[in-house]
Every structure is written in C-alpha cells, then in structure tokens.
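Inspection log for the structure reproduced underneath, given as structure tokens.
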Amino acid sequence: MSSPGARRPLALLRALHGLAALIACVCLGVTLRTGLEDRRAALAFGLLVTVGELARWTGPQVREAAPLGAAGALSYALLGQDAGQPTAHGVAQVVSVVLAASLVGCVPHIARGRGPTPDHLARRVLTVACAAMCFQSLYGHGTFGHWSGPAYALLLITLLAVSELCDAVLAAALAHSRTGWPFGPLLRDELRALPGIGSAVCATGAVMALGVAVVGLWALPVFCLPLLLAQVSLRRYAAVRTTYRQTIASLARATEIAGYTPAGHARRVAALSRAVGRELGLSEPDLTVLEYAALMHDIGQLSLVDPVPAGATAGLPAAEQRRIALLGGAVVRRTGVAPSVALIVERQADPCPEQPLAARIVRAVNAYEEKVRDAGPGGALTALEELRLATAGDYAPEVVEALARVLWNQGAARERLG
C-alpha cells in the first residue's frame, strides 16, 4: 500500500505529461485548421530539430541529450524576421513543427530500443511553448516592432535564459516524480549545469534567430556547427568518465576475486550509499566521490594476512576497523584516484562525530549490508533497529533515518511496479 507521500510525485508526473499532451493537441489542431505559414522556414527549422534529435545521446550526468535540437527549437520560437521580412508563424505552428520534427528524429532511437522517454518530449513541448508564448504572442501584436540592435539581442537572450530556467525546473520536477528523490537538490544540480551546455544552447539559439533575421535561412547550417562540435567533445568527455568509473569498479572487485568479500558487496554498498547521499541532499559531484569511496571501502582488506570472516568488518574492534581503513586509504592513493575518495575511505572507521558526512554514510550502509546478508525475511527491519540502537556512538542518526527512508521508498516503488 502506497502512502500519500508516494502518490504525490506520480500525480505531478501525470499532470506535466497531461499538460504537454494538451498543449500539443491544441497546437496541432490549430495548425491543421489554419495551415502552415512560411513553409520554407518551417521546413528548415524542422529539419534542424530532426537532425538534433538524430544526434541525441544519453549517458550519466547528461542534462541536455539533444542540445542542437533544443537550440533549433528555441530559435524558431524566437524568430521574428526572415532575411528582413517579418514572419507570420505563431505559437501553435512553432509547437507543431518542433513536436513533429522531434517525433521523426526519435524513430531511429525507437528502432534501436532507445526510444524517447515521454519526459524528454514533455520537456521539449513545454519549454518551446513557454518561449513561443513569451515572444510570438507579443511580436504578433507589434510589441517588439521598434526593437532593434543590442536591445533586441538582449531581449532574445533574456527569453532564452527564462526558457532554460523553465526547462531546469521541469527536468528536476520530472526526475523527482520518477525517483522520489528530494526536489531541492535535483533543482540545484540542474541550475549548476546551466552555465555549461545550457549557456551554449542559449547562445546558439540567439545567434541563429538573429542570423536568420538578417541573412535568411542560410544562417542555420553556419551557426549550428559550433554547437554540433561541442556536442562531439562532450560525448568524448563522457566516454573518458565512463572508462574512469569502470576502472574504479574493477579495482573494487579485487577483494571479491581474492575471496576477501562476498560477490557484489561493493556494488550494493555503492548503490545504496549514493541513494542515501541523494536523500541527504548531496550535490552530484559529492555523490560521485561518495560512490567511488563506497566501491573501494573494503580494498584495505587486501593487505591482511588473515582475511576477515565473510569480509564483515562492522563487527571488528574499533582499532582494527581503523587500521583496515587506513590501509585502504593508502591503497587508493597509490591508484591515482582523487584524494577526496581516499580521505573518505581512510575516515570511514573514525569516531562518528569526527567523520565527514560521506564517511558516515559509507560506514552505516556497509554495516546494514553486512547485517542483512543471508538474514532472511525480516532481516532488514532487524538490521535497521540495530543501527538505530547504535546511533548513540557508532552511526549518525540522520544517516540511519535517511537509509530507512530510502529502503521504504524502494519497497514502495517495487509494490507499484507489481
């Protein structure tokens, strides 16, 4: 049975999807009834958005999967002139063209089993509708008729920035609805990512709208090229980060292959530690450091002559736990991994009040995973109760309660999925 707190995020998800579907249906209906205005511009921007969607890619920590498509859609929403001639397309046509082009561009992804998520299309429709409503509805009444030069450029940049902020809020709200993670930290991570790819999308969108207004549609292939090259560079950077993470995961498996810890222990502790860290509001960079430290938290056992039975270090005397932690930190420092990761590994067995938050999380989650291992039905509740009883000295109360909330949410999610 789901609690009201578990139902609210799903209600928000349905509301956002429903709003996007309603706007899309109304705009398509209006466009079909009135017909297309400025067909050359509609075809050119539709083709640009389609190419952007074809080049869409997904990966860890990717905020904007199709920056070229986003820039093309926003520039079409803010297009007031084509080679010096006023345009006549309105809000409905902008949303219709962008939606149709996005759907066409998604076909190859669907064929490869990487179909578009409804969240991606909902974000695109709502963001473009917001930008078009702010500009086209006023432009059609002549509000910006006398704007020119720097003032007009500043207007476009301002509207693009507002659209990107709207998109960041939507992305955080959709992620919160899907996962149940706290909305505040999700929005903070989205806003922190804006100066990166978000600023490139804004700049390209503004330049393309201004370029088309002066020289016509030939400006599109010229001004979209820098963003396309930036997207290629981002993909290479993401590939390097993926390789780096796989290397750390392989190092963490050394204790399992040597028989010091059970198979999958480091991976389970890392996944649960990351969830607890997110529940406590850690930022994305801090979550990455926490995940790496959790993966390598037992690597110090490789220095032991006599392995700890079942690799369970939580029940060892405090001095022995600290000795293993210091050995682990020394090993991590020799691997070339970031010093912040080694610091957490070293301090995971320190007295609780002296530990950094990430070390407290690794310590509590590791103890929980060791307690529930082979414990059978009811083992999770017993383990949590034991951790709560030990919050006076060994484990941080806020971390244990965050762990309890994460486990409850995961159980509720499994119930919802049947």
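Along the sequence shown, residues are numbered consecutively beginning with 1.
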Closest non-hydrogen atom pair, [X] against [Y]:
X    : Y    : result
L227 : A200 : CD1-CB, 3.9 Å
V49  : G69  : CG2-O, 4.0 Å
C202 : E164 : SG-CG, 3.3 Å
R333 : A342 : CG-CB, 3.5 Å
F183 : H176 : N-ND1, 3.8 Å
T127 : S163 : CG2-O, 3.5 Å

Y237 atom OH, over 12 foreign heavy atoms within 6.0 Å
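No, OH of Y237 has 12 or fewer neighbouring heavy atoms, counting only those of other groups under 6.0 Å.
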
Using a cut-off of 6.0 Å, state whether more than 12 heavy atoms not belonging to R253 lie near its atom CZ.
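Atom CZ in R253 is not crowded, with 12 or fewer foreign heavy atoms closer than 6.0 Å.
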
Only one of D286, L290, L186, V406 forms a side chain to side chain contact (heavy atoms under 4.5 Å, CB included) with R278, so which one is it?
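Exactly one candidate clears the test, L186.
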
Straight-line distance of [X] [atom1] to [Y] [atom2], nearest 0.5 Å:
X    : Y    : atom1 : atom2 : answer
L170 : E190 : CG    : CD    : 10.0 Å
D189 : W181 : CG    : CH2   : 10.0 Å
R267 : L272 : CZ    : CG    : 12.0 Å
N366 : Y395 : CG    : OH    : 8.0 Å
E291 : L295 : CD    : CG    : 5.5 Å
S96  : L36  : OG    : CG    : 8.0 Å

Hey, mind stepping through H120 and S102 against side chain to side chain contact (heavy atoms under 4.5 Å, CB included) and telling me if it holds?
CA-CA 10 Å; H120 175 70; S102 299; over 6 Å; no

Are the side chains of [Y] and [X] in contact, using a 4.5 Å heavy-atom criterion?
X    : Y    : value
D82  : R40  : yes
H17  : L174 : yes
L251 : M296 : yes
F45  : V98  : no
L165 : L194 : yes
T31  : L28  : no
L79  : D38  : no
I361 : R274 : no

D394: side-chain hydrogen bond (donor to acceptor under 3.5 Å, both in side chains) partners, not counting sequence neighbours
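Here no residue qualifies.
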
Give the C-alpha distance, both sets of side-chain angles, the deciding distance and a yes or no for side chain to side chain contact (heavy atoms under 4.5 Å, CB included) between T313 and H297.
CA-CA 11 Å; T313 55; H297 76 281; 5.7 Å; no

Does [X] reach the main-chain N or O of [Y] with its side chain, forming a donor-acceptor pair under 3.5 Å?
X    : Y    : result
R347 : A325 : no
R360 : C352 : yes
S75  : A206 : no
Q348 : V345 : yes
Q231 : A55  : yes

Please determine which of F135, Y76, Y139 meets the ring-ring contact (aromatic ring centres under 6.0 Å, His included) test together with H89.
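Among F135, Y76, Y139, the one that satisfies the ring-ring contact (aromatic ring centres under 6.0 Å, His included) with H89 is Y76.
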
Quick one, L121 with L103, criterion side chain to side chain contact (heavy atoms under 4.5 Å, CB included). Give me CA distance, side-chain angles, the key distance, then yes/no.
CA-CA 8 Å; L121 290 177; L103 289 173; 3.8 Å; yes

Check the pair V308 / Y260 against side chain to side chain contact (heavy atoms under 4.5 Å, CB included), numbers first and verdict last.
CA-CA 7 Å; V308 178; Y260 283 84; over 6 Å; no

R405 with E401: basic N within carboxylate O range, under 4.0 Å:
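No, no charged N to carboxylate O under 4.0 Å.
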
Taking NZ, NE, NH1 and NH2 as the nitrogens, is one of them in R124 or E53 under 4.0 Å from a carboxylate oxygen of the other?
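Answer for the salt bridge query: yes.
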
